[in-house]
Amino acid sequence: MQMARGMKLQEAKKYVADKIGVGVLDLTDPVIMTEVREDFQIGAMTPLPGCAKGIEAKFRIAELLDIDIGCVRRFRDKIAK
């Protein structure tokens with residue numbers, strides 16, 4: 001969010017926390033974030049069977065946070081052709 005939207009660090013943390021429905025301090029809690037990643041299917045630190053991986057996780061993150069991720073954009077452009 002800092003790079004995509006030019007936000008300051010605290011503003012970026014609050015934006016992400018609000019989007020995923022947790023507190024700012026919860027962003028650093030590995031147990032809470034593991035559950036959040038599973039709930040939103042946005043990948044996991046150690047991928048489990050059935051969890052989103054790679055580009056699939058990036059697609060979901062881009063949609064969830066409403067940001068442009070270069071590889072997602074390029075993938076969509078190639079598919080659209």
Handout entry: Ionic contact status for D77 with K81, cut-off 4.0 Å
Key = no
Problem - Joint hydrophobic cluster, L64 plus I32, side-chain heavy atoms closer than 4.5 Å - result: yes
Handout entry: Atom pair CD1 (I42) and CZ (R60), whose distance is rounded to the nearest 0.5 Å
Key = 10.0 Å
Handout entry: Spacing of CD1 belonging to I61 relative to CD belonging to E56, to within rounding of 0.5 Å
Key = 11.0 Å
Exercise for the section: Nearest 0.5 Å please: distance from the CD1 atom of I67 over to the NZ atom of K58. Expected result: 10.5 Å
Practice task
Please say whether more than 12 non-hydrogen atoms of neighbouring residues, nucleotides or ligands are located less than 6.0 Å from NZ in K14.
Solution key: no
Completion exercise
When rounded to the nearest 0.5 Å, the distance separating OH of Y15 from CD of Q2 is 14.0 Å
Problem - Spacing of CD1 belonging to I20 relative to CG belonging to D39, to within rounding of 0.5 Å - result: 10.0 Å
Problem - Test: D18 and K13 ion pair at under 4.0 Å - result: no
Exercise for the section: Identify the two heavy atoms, one from G43 and one from R37, that lie closest to each other, and give their separation to 0.1 Å. Expected result: O-CB, 2.9 Å
Practice task
For the residue pair E35 and D26, establish whether any side-chain heavy-atom pair is separated by less than 4.5 Å.
Solution key: no
Practice task
Indicate, with yes or no, if V24 and M7 share a hydrophobic cluster defined by side-chain heavy-atom contacts under 4.5 Å among Ile, Leu, Val, Met, Phe, Trp and Tyr.
Solution key: no
Problem - Neighbour count >12 (heavy atoms, 6.0 Å) for atom CG, L9 - result: yes
Problem - More than 12 heavy atoms of other groups within 6.0 Å of E63 CD - result: no
Handout entry: Same cluster (ILVMFWY, side-chain, under 4.5 Å), I79 and I69
Key = yes
